[in-house]
Amino acid sequence: MRTQIMSLLFVVSLGAAAQDTYPWEEYLREVMTAEDAESSAWEEVYDQLCELSLHPFDINTATRSQLEDLPFLSAQQIEEIVEYLYRYGPMKSKGELLMIRSLDEPSRQLLSSVCYVGEPARPAFPSVKEIARYGHHELMATARVPFEEKNEDYLGSSLRHWMRYQFNYGSYVKLGLLGANDAGEPFFANRNRWGYDYYAFYLQLKGLGRLESLCLGHYRVTMGMGLVMNSQSGFGKVAMLQSLGRSQTTLRAHSSRTDNYLQGAAATLRLTDHLSFTGFFSYRSQDATLNRNGTAATILSSSYHRTQGEMDKKHNLEALKTGGSLIYTYRGLHVDLNTLYAHLSRRLQPNTALLYRQHYPQGRDFFNTSLSYGYASRRLSLNGETAIDRSGHLATINSFSLLLGDAWSLMALQRFYSFRYASLDAQSYCSGGRTQNESGIYIGLTWKPSPHLELMAYTDYAYYAWARYRVSQSSYAWDHLLQGTFHHRRWTFFARYRLQQQQRDNDSKTTLLSLTSHRFRLSAEYKVAGGFSSLSQLDGCYLPQEQHAWGRVVTQRFSFQHRWLTLHLGISYYHTDSYASRVYLYENAPLYTYSVMQLYGEGFRYWLMARAAIGRRLTLSTKASDTGLDLQVRWKI
């Protein structure tokens, strides 16, 4: 039956009238590691890149904050783009991006895919009549039909579905409404009597004179390097090396289905040519596990409400959050003062009987403030942030990056997060999963000996002063990676090796065991000028302390693109000795459908995806696999 469905989709797609492939999908495949695949923050990165590809911005009117919102640009690249536009005026074509020397070929292709070259003269904010007449309406609906049997504990159907309406007028106006249900969540039933389990409304206006940006409804705020607040996205260690550890203060509408958002109002106001202020106010409900005395044991972010147990945790907590960032910029220099106050309707009281939770955030009121700072030129970038909580506990992170000619780049990053530092919204660079109880140093190097070859390596040492999960005393972790990419004509060869060392309690908790994991990836891709490409990939994992467990997966993927049609076909064979040696695969999927597969045991994984544009307004996307069927319709009015 499943094979018949895949064959039918292939035939139907040939009769349709698809979009180009997206360069950022290759970017994700190269920078994402197994550790990143398990992080929900990467789903936010994925949604952000989907949004940018569908709604590109005008490079000639882009502000520094818009460029900082792009995860693949470094501080040096942003600074050189801003300087180029200031010195030479608006670009005439994307070909001028070749004049930005710090932009390498992958970064240039990625930037070209999410921007366009608009009119040289920047118009004033359009009238309401002009917005209504020339704005674009868009309706998108997606459903996933699973092939496996429904879980008996589910309150609703196994069908996962969501819809979104969005209105855009250039980069000036974005208005949308999103409704979503995960598999198993009730629809127009139980506590979801208004239909979907999750709703999001958002409105963002840009370019209103000194009011640079205004957000209403759901939105995200990122300040500095994330020690006070980062509701945008957390990047992995390879991506960190590519963006060279830059800091940013950004504000944007939240148009995805992830739970990491604020709700209320936020604005960025340009006070002078060099001084701006971003302020926000948020009040929203959050899921929480409650203690018997009515306090909150944990604040949840999974947003699943499939079973009665999960539904009982829905919206048990109200959170008020307000704060802002005062930002001074002068050429490549920036200094930001950031503050955040949070008040919870219930006292947060984690189970401190567990040693590793003794210093988790506790109470009803939280206050954090920080000073973030940085300087960027074409060759040099310095960034940092130092923060304290209401009790004066310290957290600091500082990075240094240097471009040594066109072939070498060096980056070093230092962080110290006190095990007593308490913040509900901090999300910065770390190895242990929390912006708390960690100090360490990261050193990364990129070498491009020729236009065809790029070598990248990093080493990252982390020390944990307090106990952690499954570690009852001070411990350390060490992570090393070596990666190479070679392009020659139509061939691309990729190799990665990663060695991780960490400590864990023995069974009696009397001493620490040193655990080592080895992960690697080898791939070869061949592209034909007519739009055909073939990718062969081998991923592996070896855990010597886990009874010498091995995990491996061999993947063959074919892609075809011809004007209106894009097809992707993949098949993988995987074999792992245990769950600990599981492997991960990123797969193409309909837009806003993040697809990273976690594979363990033994078996085959196969899938077929087709994307087709019928005329200029209607786009159909389908993906069929051995686990389910995804259908997506996008209609532009």
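Along the sequence shown, residues carry numbers from 1.
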TODO: Not counting sequence neighbours, which residues clear side-chain hydrogen bond (donor to acceptor under 3.5 Å, both in side chains) with T396? List them please.
DONE: T386, N398
- [ ] Would you please name every residue forming a side-chain hydrogen bond (donor to acceptor under 3.5 Å, both in side chains) with R133, sequence neighbours left out?
- [x] none
Task: N60 and V117, any side-chain heavy atoms less than 4.5 Å apart - done: yes
Open item on the list: Could you tell me if the side chain of T435 sits less than 4.5 Å from the side chain of L227, heavy atoms only?
Closed with: yes
TODO: May I have the step-by-step check of side chain to side chain contact (heavy atoms under 4.5 Å, CB included) for V596 and E587, ending in yes or no?
DONE: CA-CA 6 Å; V596 172; E587 296 179 351; over 6 Å; no
Could you verify whether a donor N or O on one side chain and an acceptor N or O on the other, from [X] and [Y], lie under 3.5 Å apart?
{"X": "H137", "Y": "Y165", "result": "yes"}
{"X": "S370", "Y": "N338", "result": "yes"}
{"X": "T222", "Y": "N230", "result": "yes"}
{"X": "H274", "Y": "T329", "result": "no"}
{"X": "Y330", "Y": "D273", "result": "no"}
{"X": "Q483", "Y": "R496", "result": "yes"}
{"X": "S431", "Y": "D460", "result": "yes"}
{"X": "E96", "Y": "Y84", "result": "yes"}
{"X": "R220", "Y": "S256", "result": "yes"}
{"X": "Q166", "Y": "N168", "result": "yes"}

Open item on the list: Could you measure the distance from the CD atom of Q204 to the SG atom of C215? Nearest 0.5 Å is fine.
Closed with: 3.5 Å
Task: Candidate list Y261, Y202, F280, test ring pair (Phe, Tyr, Trp, His ring centres under 6.0 Å), partner H218, passing option - done: Y261
- [ ] Please confirm whether R164 makes a cation-pi placement over Y592, using NZ or CZ under 6.0 Å from the six-membered ring centre and within 45° of the ring normal.
- [x] yes
TODO: Could you tell me if the ring centre of Y172 sits under 6.0 Å from that of F125?
DONE: yes
TODO: Report yes if the distance between the aromatic ring centroids of Y219 and H254 is under 6.0 Å, otherwise no.
DONE: no
Charged N to carboxylate O under 4.0 angstrom, [X] versus [Y]?
{"X": "E51", "Y": "K174", "value": "yes"}
{"X": "K206", "Y": "E212", "value": "no"}
{"X": "E454", "Y": "K448", "value": "yes"}

- [ ] Please name the pair of heavy atoms, one in I131 and one in F167, separated by the smallest distance, quoted to 0.1 Å.
- [x] O-CZ, 3.3 Å
